[in-house]
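Note sheet for the following structure.
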Amino acid sequence: MMVIQPINYSFFQQPTLDLARALLGKLLVKETELGTVSGWIVETEAYIGPEDRAAHGFENRRTKRTEVMFGPPGYAYTYVMHTHCLMNVVSGEIGCPEAVLIRALEPCCGIDLMYQRRGKEKKELALTNGPGKLTKSLGIVKGDYGRALFEYPLFIAEGKEIGSIAVGPRIGIHNSREAVHYPWRFWVKDSRFVSK
DNA sequence: TATGGGATTGTCT
DNA sequence: GACAATCCCATAA
């Protein structure tokens with residue numbers, strides 16, 4: 001039986017835009033009492049606080065909610081958006097509110113459990129092709145806020161080789177003026193599992 | 001305590 | 001394409 005190991009901590013010690021690319025093809029894993037679910041990351045977005053009007057940490061806004069982004073990289077920043085939970089990987093140096101949003105996965109293991117959580121009538125694509133969908137499939141919740149992503153039960157692991165990477169503007173931030181156009185969204189060009 | 005808005009999704013037109 | 005669902009959080013008073 002194959003054992004999945006969390007990635008080394010040093011993986012998270014790179015600039016946010018580099019990390020956003022490096023995360024493509026990696027495996028995101030969540031273990032619960034119900035079982036283990038994982039998926040290969042195929043789409044990410046970078047948020048770089050001080051200069052990024054679309055980021056929650058814009059102008060270093062430091063609150064209870066954004067606090068984890070000011071800490072060391074490699075931890076989970078989860079928050080609730082309308083009726084859904086979204087998952088980010090904290091990046092950047094201590095004191096810098098930067099993070100990478102995980103927007104889409106390609107299902108890997110635990111697909112039965114994904115259907116159980118999302119609804120059996122859903123199509124396979126609808127399990128993980130959006131930031132709110134993948135958290136539900138993996139069982140990631142607001143309570144995972146601040147968890148280390150290099151330890152069980154919620155972690156990043158080595159994945160598989162990917163083809164070319166596509167780059168473009170981020171999604172869902174139309175009120176963010178000039179930041180709307182920053183090319184900080186990255187996805188696996190040939191993947192069927194990206195959002196939208 | 002009250003208020004306004006949002007890094008989404010699903011449904012309806 | 002438009003909009004409702006539904007709720008957390010930051011801000012102001």
Side-chain angles (χ1 to χ4, degrees), chain A residues 15-17 19-21 23-24 28 30 37 39 41-71 73 75-92 96-107 114-147 149 154 156 166-188 191-196:
Chain A
T16 295
L17 293 176
L19 183 65
R21 289 170 177 272
L23 280 166
L24 296 175
L28 176 62
K30 175 74 191 276
V37 176
I41 296 169
V42 297
E43 184 180 354
T44 62
E45 282 181 358
Y47 287 86
I48 303 180
E51 58 188 273
D52 182 0
R53 196 172 286 277
H56 295 156
F58 178 57
E59 289 180 328
N60 287 306
R61 199 158 52 105
R62 190 164 189 157
T63 64
K64 186 176 173 186
R65 178 208 203 187
T66 61
E67 183 60 31
V68 71
M69 288 197 286
F70 287 85
Y75 291 80
Y77 169 40
T78 55
Y79 72 96
V80 173
M81 176 56 173
H82 292 267
T83 55
H84 306 279
C85 179
L86 275 61
M87 152 94 195
N88 295 250
V89 178
V90 173
S91 64
C96 303
E98 304 180 11
V100 177
L101 171 67
I102 309 298
R103 284 196 60 90
L105 303 176
E106 175 180 343
M114 293 192 200
Y115 276 109
Q116 199 174 312
R117 286 168 169 156
R118 284 278 296 150
K120 297 192 195 315
E121 75 288 356
K122 290 286 192 301
K123 296 195 163 85
E124 185 188 22
L125 262 187
L127 293 175
T128 55
N129 70 341
K133 300 176 190 176
L134 69 90
T135 53
K136 190 164 185 191
S137 283
L138 267 64
I140 295 171
V141 294
K142 192 186 53 163
D144 288 313
Y145 182 97
R147 267 195 206 283
L149 295 174
L154 173 62
I156 303 292
V167 180
R170 295 170 294 179
I171 291 176
I173 55 168
H174 56 88
N175 283 337
S176 303
R177 295 206 244 165
E178 77 279 0
V180 166
H181 306 294
Y182 296 173
W184 288 353
R185 172 172 172 246
F186 306 94
W187 66 97
V188 176
S191 177
R192 306 158 37 222
F193 296 92
V194 298
S195 67
K196 205 171 183 200

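Note on naming: letters A, B, ... go to the chains in the order of the sequence lines (proteins, then strands), and numbering restarts at 1 for each one.
Sorted by residue number, the list of members of residues 49-58 of chain A with any non-hydrogen atom under 4.0 Å from DNA chain C is empty. Of the residues in residues 124-139 of chain A, those lying under 4.0 Å from DNA chain B by heavy-atom distance are A/G130, A/P131, A/G132, A/K133.
Counting non-hydrogen atoms under 4.0 angstrom, A/L101 reaches a base of the nucleic acid. Using a 4.0 Å heavy-atom cutoff across all strands shown, A/K122 reaches sugar-phosphate atoms only and no base atom. Contacts of A/R118 with the nucleic acid, taken as non-hydrogen atoms under 4.0 Å apart, involve only primed sugar atoms and P, OP1 or OP2. Within the 4.0 angstrom heavy-atom criterion, only backbone atoms of the sugar-phosphate kind lie near A/R103; the bases stay farther away. Among the heavy atoms of the strands lying under 4.0 Å from A/N175 are primed sugar atoms or P, OP1, OP2 only; no base atom is included.
For the pair A/I48/A/W184, a side-chain contact is recorded, criterion being any heavy-atom separation below 4.5 Å from C-beta on. Under the 4.5 Å side-chain criterion, counting only non-hydrogen atoms from C-beta, A/P50 is not in contact with A/C96.
Partner of A/E43 under the side-chain contact (heavy atoms from CB on, under 4.5 Å) criterion, chosen from A/L101, A/I102, A/I171: A/I171.
Here the range on DNA chain B touched by chain A, meaning any atom under 4.0 Å from one of its heavy atoms, is B/dG6 to B/dG10.
The line from CZ of A/R103 to CG of A/L86 is 8.0 Å long, rounded to the nearest 0.5 Å. Interatomic distance, A/E106 CD to A/E124 CD, rounded to the nearest 0.5 Å: 8.0 Å.
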Side-chain donor-acceptor pairs of residues 126-143 of chain A under 3.5 Å, sequence neighbours excluded:
residue, atom, partner, partner atom, Å
A/T128, OG1, A/L105, O, 2.7
A/N129, OD1, A/K133, NZ, 2.9
A/T135, OG1, A/C85, O, 2.6
A/T135, OG1, A/G132, O, 3.0
A/S137, OG, A/L127, O, 2.7

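Nearest approach of A/W187 to A/G168, heavy atoms of both residues: CZ3-N, 3.5 Å. Annotation for A/A99 and A/M69: closest pair CB-SD, 3.6 Å, computed over non-hydrogen atoms.
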Query - Strand DNA chain B in bracket notation, Watson-Crick/G-U under 3.5 Å with | for pairs to another chain - result: ||||||.|||||.
**Report entry** Candidate pair A/V188 and A/V194, rule side chain to side chain contact (heavy atoms under 4.5 Å, CB included), full reasoning
**Finding:** CA-CA 8 Å; A/V188 176; A/V194 298; 5.5 Å; no
Query - Stepwise side chain to side chain contact (heavy atoms under 4.5 Å, CB included) test for A/F186 and A/R21 - result: CA-CA 6 Å; A/F186 306 94; A/R21 289 170 177 272; 3.6 Å; yes
Query - Criterion side chain to side chain contact (heavy atoms under 4.5 Å, CB included) on A/E98 and A/N88, from CA distance to verdict - result: CA-CA 10 Å; A/E98 304 180 11; A/N88 295 250; over 6 Å; no
Requested in this report: Take A/R65 and A/Y79 through the test side chain to side chain contact (heavy atoms under 4.5 Å, CB included) and record every step on the way to the result.
Outcome: CA-CA 8 Å; A/R65 178 208 203 187; A/Y79 72 96; 3.8 Å; yes
Report summary line: With sugar-phosphate taken as primed atoms, P, OP1 and OP2 and all else as base, the protein-contact string of nucleotides 5-13 of chain C at under 4.0 Å (heavy atoms; B, S, -) is BBBSSSS--
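A cation-pi contact, defined as under 6.0 Å to the ring centre and within 45° of the axis, links A/R62 to A/F70. A cation-pi arrangement is absent between A/R170 and A/Y182, since the terminal nitrogen or guanidinium carbon is not both under 6.0 Å from the aromatic centre and inside a 45° cone about the axis.
Ring centers of A/Y77 and A/Y75: at least 6.0 Å apart, outside the cut-off.
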